[in-house]
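Quick note on labels: first sequence line is chain A, next is B, and so on, each numbered from 1. These figures come from a predicted structure and were not determined experimentally.
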Amino acid sequence: MIPAIRGTHDILPGEIERWQQAEQVVRDICGRYGYREIRTPVIEREELFAKGTGETTDIVQKEMYAFQDKGGERVTLRPEATPSMVRAFVEHALEQHLPTVKIFSLGPMFRYERPQKGRYRQFHQLDVEVFGVSDAALDAEVIEMAAALVEALGIEDAEVVVNSVGCAECRPAFGRALVTALGDREADLCGDCRRRAAVNPLRIFDCKVPSCQPIVDALPHATDYLCDACRSHFDATTGLLEALGVAFRVSHRLVRGLDYYTRTTFEILGGRLGAQNALLGGGRYDGLVRRLGGPDRAGIGFAAGMERLVLAMPDGSGPRAPDAFIVALGDAARQPAHLLARDLRRAALTALIDYGDRSMKAQLRRANRTSARHVLILGDDELAQGHVTVKDMTSGGETRVGRDDVVRNLAGDLLPASPEQPARMRRPIGRDDGD
RNA sequence: GUGAGUGUAGCUCAAUUGGUAGAGCGCCGGACUGUGGCUCCGGAGGUCGCGGGUUCAAUCCCCGUCACUCACCCCA
């Protein structure tokens, strides 16, 4: 056997239903807020992420699947979507084509990390981005949408966390204030934190080491160092969030790992996810489009981990129960049975049939396992009489129906009695709703 | 990249203080020559992760290696 490579995994029947449901909810919610779907390549020039994600980030320094292709080009499997989204925005001048550039994308990302719960080398993200809008109202709307998405997925124990990391004007001053406040206590920090203090002081807030906590708690807060513009932007964002009824917590410890964030940052945390408890995270990145060679446009967005969303979703239901399972007895019945199956399917019913010459018991056992509502029996008697025996698998009762009436009868049985009760088969996603 | 734990049937797991392995579930068949779900009976299915070492003999002990899981780093 040649196994799947580390950190990748197959999504099998039984689990795929949850993914399909998650994707359906994602598309529905994004659509309601005016987002259009786009798909970008999973492979890009390495340079795009070096500049976009940031040369100093761990993602770029040690986690990229980067290589040289046969033409000598430095390319990489995308570790995140935002730089690709920015590239597409710039390359196609999307602001000329869309009233407001609100776009989302769904697809695989690749990072060379040690896998653990909720983290894989190939994983999937929903990526949502808006370009060209700096109004704080959008910050609030984006966060509200993210919360709505999580709620729509049925994830209950989620927490919205918001912060502001300032802009190019005020953020450096805060960084210096951190170092100053640290003073000689820097020596008491853990090794990771001492490294952070030198490279990116903001990240000290992320530390989980107990001995660092008293020191971290005494540090100044980013929101105390915001310039006037950033201050009012943050106040407007949180004010609108409250007005929108979004339950959130402001955390000065929320500093995100990517370099490009400005002003608003946010995350939604989920319970029961293990150590990797961020369901989604994002923020504003007002300088990124220009840094990647585009016009000076604001940007804001978030990425949600699909594996984590699916993990946090409540248990769904299984595959849809077939409307009919056809049991054929004897060679003479096989061809008519397949014709019947075809006719049922043409009538939009789900029809299954067994293969090979198996006993009636075996076929019924299989029918039972599929949770089929009806079994249609075709044997010598039925062929001779021109009818089909319809067995109701719930009650066990049987009726005879003329061969030419079977499809209509079955379809009629399953069609809605009233508009409030849409038939199962009309649903875009096959789910057994267990009635 | 670091640390810990775990690798035995399709799945969940036993067992053997070293003598080449069992259960439950699932699957297939029978009891019931054309009637599922319950019950009973039977059957198929295992390089004991892989490689090496010790030994008369290794699934068990030793070394190595790989994989998985969880955690760190970091992030979705």
Query - Donor-acceptor pair present, A:Asn368 side chain and B:G37 base, under 3.5 Å - result: no
Query raised in the report: What nucleic acid atoms does A:Phe325 come within less than 4.0 Å of, heavy atoms only: base, sugar-phosphate, or nothing?
Result: nothing
Report task. Mark yes or no for a side-chain to base donor-acceptor pair under 3.5 Å between A:Arg308 and B:C75, with no hydrogen or angle criteria applied. Result -> yes
Query raised in the report: Under 4.0 Å between a Lys/Arg side-chain N and an Asp/Glu carboxylate O for A:Arg119 and A:Glu113?
Result: yes
Query raised in the report: With side chains defined as the heavy atoms from C-beta onward, is the minimum distance between A:Ile29 and A:Val25 less than 4.5 Å?
Result: yes
Requested in this report: Rounded to the nearest angstrom, tell me the gap between atom CZ in A:Arg366 and atom P in B:U35.
Outcome: 18 Å
Requested in this report: For nucleotides B:A4 and B:C56, find the distance between their P atoms and express it as a whole number of Å.
Outcome: 34 Å
Report summary line: Atom CD of A:Gln61 and atom C1' of B:G1 are separated, to the nearest Å, by 13 Å
Requested in this report: Identify whether any heavy atom of A:Arg114 sits under 4.0 Å from a base atom; if not, whether one sits that close to sugar-phosphate; answer base, sugar-phosphate or nothing.
Outcome: base
Query raised in the report: Within the structure shown, what part of the strands sits under 4.0 Å from A:Ala367 by heavy-atom distance: base, sugar-phosphate, or nothing?
Result: nothing
**Report entry** Side-chain N,O (A:Arg369) to OP1/OP2 (B:C27) below 4.0 Å
**Finding:** yes
Requested in this report: Answer yes when A:Arg194 and A:Asp188 have at least one side-chain N-carboxylate O distance shorter than 4.0 Å, and no when they do not.
Outcome: no
Report summary line: B:G64 -> Watson-Crick or G-U wobble partner, both distances under 3.5 Å, gives B:C50
Report task. State the pairing partner of B:C28; accept Watson-Crick or G-U wobble contacts with both distances under 3.5 Å, and report none otherwise. Result -> B:G42
Requested in this report: Kindly say if A:Gln276 contacts the phosphate of B:C75, meaning a side-chain N or O under 4.0 Å from OP1 or OP2.
Outcome: no
Requested in this report: For nucleotides B:G30 and B:U55, find the distance between their C1' atoms and express it as a whole number of Å.
Outcome: 47 Å
Requested in this report: Could you measure between the two P atoms, the one in B:C38 and the one in B:U69, and give it in whole Å?
Outcome: 33 Å
Query raised in the report: With a non-hydrogen cut-off below 4.0 angstrom, is A:Leu280 in contact with a base, only sugar-phosphate, or nothing?
Result: sugar-phosphate
Query raised in the report: Taking for each residue the nucleotide of RNA chain B bearing the nearest heavy atom, is the 5' side occupied by A:Ser395 or by A:Pro115?
Result: A:Ser395
Query - Heavy-atom neighbours of A:Gln335 CD exceed 12 at 6.0 Å - result: no
Requested in this report: Any strand is fair game: report the nucleotide pairing with B:A23 by Watson-Crick or G-U wobble, both distances under 3.5 Å, or none.
Outcome: B:U12
Query raised in the report: Atom CG of A:Leu153 and atom P of B:A76: how far apart are they, to the nearest Å?
Result: 18 Å
Requested in this report: Rounded off to whole Å, could you give me the CG-to-P distance for the A:Leu329 and B:G36 pair?
Outcome: 12 Å
Query - Residue A:Glu156 excluded, over 12 heavy atoms near CD under 6.0 Å - result: no
**Report entry** Whole-Å P distance, B:G24 and B:C60
**Finding:** 26 Å
Query raised in the report: Heavy atoms under 4.0 Å, any strand shown: does A:Gly274 hit a base, just sugar-phosphate, or nothing?
Result: sugar-phosphate
Requested in this report: Determine the Euclidean distance between corresponding C1' atoms of B:C72 and B:G53; express it in Å to zero decimal places.
Outcome: 34 Å
Query raised in the report: Any N or O donor-acceptor pair linking the side chain of A:Arg6 to the base of B:C68 at under 3.5 Å?
Result: no
Query raised in the report: Once you round it to whole Å, what is the distance between P of B:G37 and CD of A:Gln363?
Result: 14 Å
Report summary line: Applying the 3.5 Å cut-off to both distances, the Watson-Crick or G-U partner of B:C72 turns out to be B:G1
Query raised in the report: When all nucleic acid strands are considered with a 4.0 Å heavy-atom cut-off, which category describes A:Glu80: base, sugar-phosphate, or nothing?
Result: nothing
Requested in this report: Quickly work out the A:Lys62 NZ to B:C73 P distance and round it to whole Å.
Outcome: 10 Å
Query raised in the report: Which part of the nucleic acid, if any, lies within contact of A:Arg111, taking any heavy atom under 4.0 Å across all strands shown: a base, the sugar-phosphate backbone alone, or nothing?
Result: base
Query - B:U16 to B:G22 separation - P atoms, rounded to the nearest Å - result: 14 Å
Query - Base partner of B:U59, which must satisfy Watson-Crick or wobble distances under 3.5 Å - result: none
Requested in this report: Report yes or no: is the cationic atom of A:Arg74 (NZ for Lys, CZ for Arg) closer than 6.0 Å to the six-membered ring centre of A:Phe67, at no more than 45° off its axis?
Outcome: no
Requested in this report: With heavy atoms under 4.0 Å as the rule, sort A:Thr53 into base, sugar-phosphate or nothing.
Outcome: nothing
Query raised in the report: With a 4.0 Å cut-off on heavy atoms, is A:Glu307 in touch with a base, just the backbone sugar-phosphate, or nothing at all?
Result: nothing
Report task. Name the nucleic acid region contacted by A:Glu382, choosing base, sugar-phosphate or nothing; use a 4.0 angstrom heavy-atom cut-off, strictly under. Result -> base
**Report entry** Span that lies between the P atom of B:A57 and that of B:A14, in whole angstrom
**Finding:** 30 Å
Query - B:U20 and B:A58, which share atom name C1', separated by this distance in whole Å - result: 9 Å
Report task. Could you state the atom-to-atom distance from CE of A:Met360 to C1' of B:G29 in whole Å? Result -> 17 Å
Report summary line: When A:Lys361 and A:Gly7 are each assigned the nearest nucleotide of RNA chain B, the 5'-most assignment goes to A:Lys361
Requested in this report: Quick one: label A:Arg365 by what it contacts on the DNA or RNA (base, sugar-phosphate, nothing), any heavy atom closer than 4.0 Å.
Outcome: sugar-phosphate
Query - Rounded distance (Å) that lies between atom C1' of B:G36 and atom CE of A:Met393 - result: 4 Å
Query raised in the report: For A:Leu279, which contact category applies under a 4.0 Å heavy-atom criterion: base, sugar-phosphate, or nothing?
Result: sugar-phosphate
Query raised in the report: Hey, are A:Arg121 and A:Glu63 close enough for a salt bridge, meaning a charged N less than 4.0 Å from a carboxylate O?
Result: no
Requested in this report: Using only heavy-atom distances, determine whether the side chains of A:Glu398 and A:Thr389 contain a donor-acceptor pair under 3.5 Å.
Outcome: no
